[in-house]
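The structure under discussion appears below in the form of structure tokens.
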Amino acid sequence: MYCLQWLIPVLLIPKHWIHPMFLVEQAVFMWFYIVGFFLERRPCHICSGIFFIALSLLCYSDPDSCIFWPTCTKKLNGEVCTYVFRDRL
């Protein structure tokens with residue numbers, strides 16, 4: 001379970017609130033981090049399974065909060081995501 005200490009914080013990183021354009025950059029960075037982590041550290045199968053199950057549950061429950069998928073429903077002519085627009089009201 002030592003390898004989970006580097007994977008669990010990835011699930012707690014929120015999506016960008018600035019502009020929907022930055023979501024692609026954040027998703028690419030997170031994918032490179034995960035691939036680099038798995039190539040360098042080679043976590044055990046149990047830790048990998050726990051991480052991917054938690055990631056799939058998080059992304060399935062709310063697709064807008066998943067940082068590995070760079071899409072969102074846009075409002076105000078594509079300037080802001082819906083989840084940011086909801087919080088501002």
Side-chain angles (χ1 to χ4, degrees):
M1 295 298 182
Y2 172 74
C3 43
L4 274 179
Q5 76 178 357
W6 295 99
L7 290 174
I8 296 296
V10 172
L11 299 175
L12 301 175
I13 296 174
K15 272 188 163 182
H16 279 295
W17 288 57
I18 301 170
H19 196 273
M21 180 181 66
F22 296 117
L23 295 177
V24 175
E25 295 174 0
Q26 184 183 19
V28 169
F29 173 74
M30 296 310 296
W31 279 109
F32 278 133
Y33 176 80
I34 294 298
V35 168
F37 176 80
F38 274 88
L39 290 176
E40 180 184 349
R41 302 277 178 148
R42 294 191 177 114
C44 62
H45 298 293
I46 295 171
C47 292
S48 301
I50 290 171
F51 174 72
F52 285 119
I53 288 171
L55 181 67
S56 63
L57 287 174
L58 180 72
C59 292
Y60 179 74
S61 67
D62 188 13
D64 278 343
S65 69
C66 184
I67 61 172
F68 291 98
W69 197 253
T71 59
C72 70
T73 311
K74 298 178 180 88
K75 288 268 192 182
L76 300 177
N77 202 14
E79 291 294 322
V80 67
C81 292
T82 310
Y83 61 88
V84 176
F85 189 73
R86 270 192 322 242
D87 293 340
R88 287 185 182 174
L89 293 177

Using distance only, find each side-chain donor-acceptor pair of residues 32-60 under 3.5 Å and give its atom names and separation, not counting sequence neighbours.
from  : atom 1 : to    : atom 2 : distance (Å)
Tyr33 : OH     : Trp6  : O      : 3.2
Ser48 : OG     : Cys44 : O      : 3.0
Ser56 : OG     : Phe52 : O      : 3.1
Ser56 : OG     : Ile53 : O      : 2.9

If you group Ile, Leu, Val, Met, Phe, Trp and Tyr whenever their side-chain heavy atoms sit less than 4.5 Å apart, what else falls in with Leu12?
none

Could you measure the distance from the CD atom of Gln26 to the CH2 atom of Trp31? Nearest 0.5 Å is fine.
13.0 Å

Verify the neighbour count for atom CZ of Phe29: are there more than 12 heavy atoms of other residues, nucleotides or ligands below 6.0 Å?
no

